[in-house]
Amino acid sequence: MILEVRGLQKSFGGLMAVKDMGLHLDQGEILAVIGPNGAGKTTLLNLLSGLFLPDAGQITLAGHDITRATPERRCHLGIGRAFQVVRPFLEMTVFENVMVGAMFGKHGVSKAEAWKHTEQVLHLTGLEQHAHKNAHDLTLMQDKRLEVARALATRPSVLLLDEVMAGLRPNEAQDAVQLVKSVRDSGVSVLFIEHVMPVVRDLADRVVVMEYGSKLAEGTYQSVVRDPRVVAAYLGEEGA
């Protein structure tokens, strides 16, 4: 087990966004978190990455308690995150964008080491041929790859993906599925949020379903999509 969440809670005013949430991510696993809009999925990712601090509960990464750690500290310990809305440094090249992550991700990294790691990440994410393009010249799919590459450059053990398939055409989404599998095969465990169910089916080793900030169901893709509670809360009869 690389990541564990126990009894996590977060409220905003009178709204309980995450309530008594628990889950775990195993080493080398791809875990999907799904659920209706407002279920608390992105708030959960914000808690895991340190953008929000929980009101209660505990988060451990490889046995280290990171519940109150800053986002920077979590990054250095091995939490990487790619966002749904990409925000690269537009006037910098693809290589320079990834290089920033490579320099920041671990203390004491030399420029030569960061350069070599950047080249490896660009190869893994299929961006080698675009290395010297400015970020503002990329297509949407290339933007998504760059967002993943920037997170990977920090050398995470756990990668958090927030709807990175959003806006992609079906063939592009399948390319992104293969990219995430390649990331996992490189030794990085992945937790992702997604609404596109064929992507969840093709990618996830295990699925957690959230509703009203809590875990509603957990299991394989086939088991959760047949769960009457998940059908009623999220999928509907047509999606089941």
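We're numbering straight along the sequence, starting at 1. Because the structure is a prediction, the values reported are computed rather than measured.
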Task: Output field: ring centroids His130/Phe95 closer than 6.0 Å - done: no
Open item on the list: Is any side-chain heavy atom of Leu61 closer than 4.5 Å to one of Ser157?
Closed with: yes
Open item on the list: What's the separation between atom CG in Leu25 and atom CE in Met1, rounded to the nearest 0.5 Å?
Closed with: 9.5 Å
Task: Pair Ser182-Leu124, side chain to side chain contact (heavy atoms under 4.5 Å, CB included): steps then yes or no - done: CA-CA 7 Å; Ser182 296; Leu124 177 64; 3.9 Å; yes
TODO: Measure the shortest side-chain to side-chain distance between Glu91 and Glu96 over non-hydrogen atoms and say whether it is less than 4.5 angstrom.
DONE: no
- [ ] Apply side chain to side chain contact (heavy atoms under 4.5 Å, CB included) to the pair Met141 and Asp175, showing each step before the final yes or no.
- [x] CA-CA 9 Å; Met141 182 62 194; Asp175 287 343; 4.0 Å; yes
Task: Flag, side chain of Lys10 to backbone of Asn46, donor-acceptor distance under 3.5 Å - done: no
Task: From Leu31 atom CG to Ile2 atom CD1, the distance as rounded to the nearest 0.5 Å - done: 13.5 Å
Task: Pairwise side-chain contact, Gln142 with Thr139, heavy-atom cut-off 4.5 Å (strictly under) - done: yes
Open item on the list: With rounding to the nearest 0.5 angstrom, report the CD to CG distance, Gln84 to Leu45.
Closed with: 11.0 Å
Open item on the list: Quick check against the 3.5 Å criterion: does Glu194 have a side-chain atom that pairs as donor or acceptor with the backbone of Val196?
Closed with: yes
Open item on the list: Is it the case that the side chain of His76 and the backbone of Phe104 share a donor-acceptor pair, with hydrogens and angles ignored and the cut-off at 3.5 Å?
Closed with: yes
Task: Donor-acceptor side-chain pairing of Thr60 and Asp65 below 3.5 angstrom - done: no
Task: Side chain to side chain, Ser189 and Glu29, heavy atoms closer than 4.5 Å - done: no
- [ ] Using the side chain to side chain contact (heavy atoms under 4.5 Å, CB included) rule, take Val109 and Arg155 through it: C-alpha gap first, then chi angles, then the decisive distance, then the call.
- [x] CA-CA 11 Å; Val109 174; Arg155 299 173 177 84; 4.0 Å; yes
Task: N/O donor-acceptor pair under 3.5 Å between Lys215 side chain and Val208 backbone - done: no
- [ ] Compare every heavy atom of Asp20 with every heavy atom of Gly7, then report the nearest pair and how far apart it is.
- [x] CA-OD1, 3.4 Å
Open item on the list: Let me check something: do Val148 and Met103 share a hydrophobic cluster, defined by ILVMFWY side-chain heavy atoms less than 4.5 Å apart, either directly or through other members?
Closed with: yes
Task: Side chains of Leu203 and Lys181 in contact at under 4.5 Å (non-hydrogen atoms) - done: yes
TODO: Check whether Val98 and Trp115 end up in the same hydrophobic cluster, where Ile, Leu, Val, Met, Phe, Trp and Tyr are linked by side-chain heavy atoms less than 4.5 Å apart.
DONE: yes
Open item on the list: Has Arg229 got a side-chain atom pairing as donor or acceptor with Ala217's backbone, closer than 3.5 angstrom?
Closed with: no
Open item on the list: So, taking the atom named OH in Tyr221 and the one named CG in Asp202, what distance separates them when rounded to the nearest 0.5 Å?
Closed with: 8.5 Å
Open item on the list: Do Val183 and Leu168 land in one hydrophobic cluster if side-chain heavy atoms of ILVMFWY residues count as linked below 4.5 Å?
Closed with: yes
TODO: Would you kindly say whether His123 and Glu128 are connected by a side-chain donor-acceptor distance under 3.5 Å?
DONE: yes
Task: Pair Arg150 + Glu147: basic N to acidic O under 4.0 Å - done: yes
Task: Qualifying residue for side-chain contact (heavy atoms from CB on, under 4.5 Å) with Leu160, from Val33, Ile193, Ile79, Leu44 - done: Ile79
- [ ] Might you confirm whether atom CZ of Phe83 has over 12 heavy atoms from other residues, nucleotides or ligands at distances under 6.0 Å?
- [x] yes
TODO: Check whether any side-chain heavy atom of Leu216 sits under 4.5 Å from a side-chain heavy atom of Ser214, and report yes or no.
DONE: no
- [ ] Drop me the distance from Gln58's CD to Arg6's CZ, to the nearest 0.5 angstrom.
- [x] 4.5 Å
- [ ] Answer yes or no: is there a donor N or O on one side and an acceptor on the other, between the side chain of Ser11 and the main chain of Gly14, under 3.5 Å?
- [x] no
Task: Value rounded to 0.5 Å, distance of CG in Leu191 from CZ in Arg81 - done: 10.5 Å
Task: Residue Arg68 excluded, over 12 heavy atoms near CZ under 6.0 Å - done: yes
Open item on the list: Apply side chain to side chain contact (heavy atoms under 4.5 Å, CB included) to residues Leu146 and Leu138 and explain how you reach the verdict.
Closed with: CA-CA 9 Å; Leu146 178 56; Leu138 300 180; 3.7 Å; yes
Task: Salt-bridge contact Arg169-Glu172 (side-chain N to carboxylate O under 4.0 Å) - done: yes
TODO: Can you establish whether the number of heavy atoms outside His136 located under 6.0 Å from its atom NE2 is more than 12?
DONE: yes
Task: For the student: nearest non-hydrogen atoms of Val190 and Val180, plus distance - done: CG1-CG1, 4.0 Å
Open item on the list: Closer than 3.5 angstrom, by distance alone: can the side chain of Lys41 be matched with the main-chain N or O of Gly35 as a donor-acceptor pair?
Closed with: yes
Task: Heavy-atom pair with the smallest gap, counting every atom of Asn97 and Ala135 - done: ND2-CB, 3.8 Å
Task: Nearest heavy-atom neighbours spanning Arg74 and Leu48 - done: NH1-O, 3.0 Å
Task: Whether Thr67 side chain and Ile59 backbone form a donor-acceptor pair below 3.5 Å - done: yes
- [ ] Answer with yes or no whether the side chains of Thr125 and Arg145 bring together a donor and an acceptor at under 3.5 Å.
- [x] no
TODO: Indicate yes or no for a side-chain donor-acceptor contact from Thr43 to the backbone of Val18 under 3.5 Å, with no hydrogens or angles considered.
DONE: no
Task: Carboxylate-amine/guanidinium contact Arg184 Asp205, below 4.0 Å - done: yes
Open item on the list: Is any side-chain heavy atom of Val100 closer than 4.5 Å to one of Met92?
Closed with: yes
TODO: Could you pull out the closest heavy-atom pair between Leu47 and Leu53, with the gap in Å?
DONE: CD2-C, 3.7 Å
Open item on the list: What I'd like to find out is whether the side chain of Met165 reaches to under 4.5 Å of the side chain of Val177, using heavy atoms alone.
Closed with: yes
Open item on the list: Tell me the closest heavy-atom pair linking Met210 and Met21, and the distance in Å.
Closed with: CG-CE, 3.9 Å
Open item on the list: Quick check on the hydrophobic clustering: are Phe52 and Val158 connected, directly or via other members, by side-chain heavy-atom contacts under 4.5 Å?
Closed with: yes
Open item on the list: In this structure, would Met197 and Val199 fall into the same cluster of hydrophobic residues linked by side-chain contacts under 4.5 Å?
Closed with: yes
Open item on the list: Does Lys19 have more than 12 heavy atoms from other residues, nucleotides or ligands lying within 6.0 Å of its NZ?
Closed with: no
